[in-house]
Amino acid sequence: MITNLVRGLAALSLALAPLAATAPAQARVAEPTVLPIGVAVSALPLGTESRDGYTRSAFRHWNAGANPSDGCNTRAEVLISEAVTAPTIGPRCTLTGGSWSSYYDEQMVTSASGLDIDHMVPLAEAWDSGASAWTAARREAYANDLGQASSLVAVTARTNRSKADQDPAEWLPPAAGALCRYASEWTATKLRWDLTVDELEKDQLLDIAAGCGGDTVTYTPAP
């Protein structure tokens, strides 16, 4: 009887082996990397930038966001996530009330219409730095990146439009207290998406980092 039981278990094991071999591996969740800001900036790869062929329409946004069933697009989801005082969410994700802190200029905003959602690294700058070689789907993922809070930020329309598509060598937030956070979030976004920097950009980031003490950069590589 024991011999038959052993043989039966062995047969069962052999039968299940192919199933185990073909079962899909469980997706691994990438762990965030945390680096001192100076180390993180130093890790940014240098590259030659080119805007040849760029059009804003190459980056589809805003799409249906993280939850396509809730009626809120990416822009609205960022506003809801970053609100200091939560807005009321009406039909078709209409937002009323609420308040937001625009850290670029240290202004409080009490109307969603007064805010822009800034791509921390602007779309044109991303194109210059490596996104020109991406697929359309990856550019869409970049333009609607809700996987890292620093990638998209709600700020006053005035500061967002002043920044336009400039990098830190060309534009910085007007609030002096925003510089370390801005340099950290810019660096985190470029590292997350494996984007390059030019020499002037990197030098500016290193200069800022030198005055940021023990600040760190946290990023997770994009899927």
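In what follows, every heavy atom counts, from backbone to side chain, and hydrogens, waters and symmetry copies are set aside.
For the residue pair Asn63 and Asn73, the shortest heavy atom distance occurs at O-CB, 3.1 Å. Minimum heavy-atom separation, Leu152 to Ala143: CD2-O, 4.1 Å. In terms of heavy-atom proximity, Leu123 sits nearest to Tyr54 at CB-OH, 3.7 Å. Closest approach of Pro174 and Tyr104 over heavy atoms only: CD-O, 3.3 Å. When all heavy atoms of Cys180 and Ile37 are compared, the pair lying nearest together is O-CD1, 4.1 Å. Between Ala126 and Leu195, the shortest heavy-atom contact is O-CD2, 3.8 Å.
Contact of the Tyr182 side chain with the Leu172 side chain is registered, since non-hydrogen atoms from C-beta on lie closer than 4.5 Å. Lys163 has its side chain within reach of Met120: a pair of non-hydrogen atoms, C-beta onward, lies under 4.5 Å apart. Side-chain contact between Tyr142 and Thr189 is present, with heavy atoms from C-beta onward closer than 4.5 Å. Within the 4.5 Å cutoff, the side chain of Leu146 has heavy atoms near those of the Val78 side chain. Asp145 is listed as a side-chain neighbour of Arg192, based on a closest heavy-atom distance under 4.5 Å. The side-chain heavy atoms of Glu82 and Leu115, taken from C-beta on, include no pair separated by under 4.5 Å. Two residues are said to be in side-chain contact when any heavy atoms from C-beta on lie closer than 4.5 Å; Thr218 and Ser150 fail this criterion. Residues Pro173 and Thr159 have side chains not in contact (no heavy-atom distance under 4.5 Å, counting atoms from C-beta outward).
Distance check: Trp186 CH2 to Gln204 CD gives 11.0 Å after rounding to the nearest 0.5 Å. Taking CD1 of Ile80 as the reference point, atom SG of Cys72 lies at 4.0 Å (rounded to 0.5 Å). Rounding to the nearest 0.5 Å places CE of Met108 at 6.0 Å from OG1 of Thr85. In this structure, Asp70 CG and Cys93 SG are separated by 6.0 Å, a value rounded to the nearest 0.5 Å. The CG atom of Leu35 lies 8.5 Å from the OG1 atom of Thr216; values are rounded to the nearest 0.5 Å.
Looking only at distances, no side-chain donor or acceptor of Arg51 sits under 3.5 Å from a matching main-chain atom of Asp128. A donor-acceptor pair under 3.5 Å is formed between the side chain of Lys202 and the backbone N or O of Leu44. At least one donor-acceptor pair under 3.5 Å links the side chain of Glu77 to the backbone N or O of Ala66. Looking at Asn144, its side chain never comes within 3.5 Å of a backbone N or O of Ala64 through a donor-acceptor pair. Listed for the Ser162 side chain is no donor-acceptor partner under 3.5 Å among the backbone atoms of Arg158. When atom types are taken as modelled, the side chain of Glu170 and the backbone of Asp167 share a donor-acceptor pair closer than 3.5 angstrom. Side chain of Gln166 to main chain of Trp171: no donor-acceptor pair is present (N/O by atom type, distance under 3.5 Å, no hydrogens or angles). Put simply, the side chain of Asp116 never gets that close to the backbone of Asp118: no donor and acceptor are under 3.5 Å apart.
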Could you go through residues 129-138 and list every donor-acceptor pair under 3.5 Å that involves a side-chain atom there, pairing it with any protein atom two or more places apart or in another chain?
from	atom 1	to	atom 2	distance (Å)
Ser129	OG	Glu125	O	2.7
Ser129	OG	Glu125	OE2	3.2
Ser129	OG	Lys190	NZ	3.0
Ser129	OG	Thr196	O	3.4
Thr135	OG1	Arg138	N	3.1
Arg138	NH1	Pro223	O	2.7

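Checking Trp62, Phe59, Trp127 one by one against His119, the ring pair (Phe, Tyr, Trp, His ring centres under 6.0 Å) holds for a single residue, Trp62. Shown are Val153, Val155, Leu79; of these, the side chain to side chain contact (heavy atoms under 4.5 Å, CB included) with Ile117 is made only by Leu79.
No continuous path of hydrophobic side-chain contacts links Val34 to Trp193 [ILVMFWY only; heavy atoms under 4.5 Å]. If you chain together hydrophobic residues whose side chains sit under 4.5 Å apart, Leu206 and Val39 fall into the same group.
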Item checked: side chain to side chain contact (heavy atoms under 4.5 Å, CB included) between Val197 and Leu46, intermediate numbers included -> CA-CA 5 Å; Val197 291; Leu46 286 171; 4.1 Å; yes
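No more than 12 heavy atoms of other residues, nucleotides or ligands shown are found within 6.0 angstrom of CD on Glu199.
Side-chain contact annotation: Ser184 with Asp215, donor-acceptor N/O pair under 3.5 Å absent.
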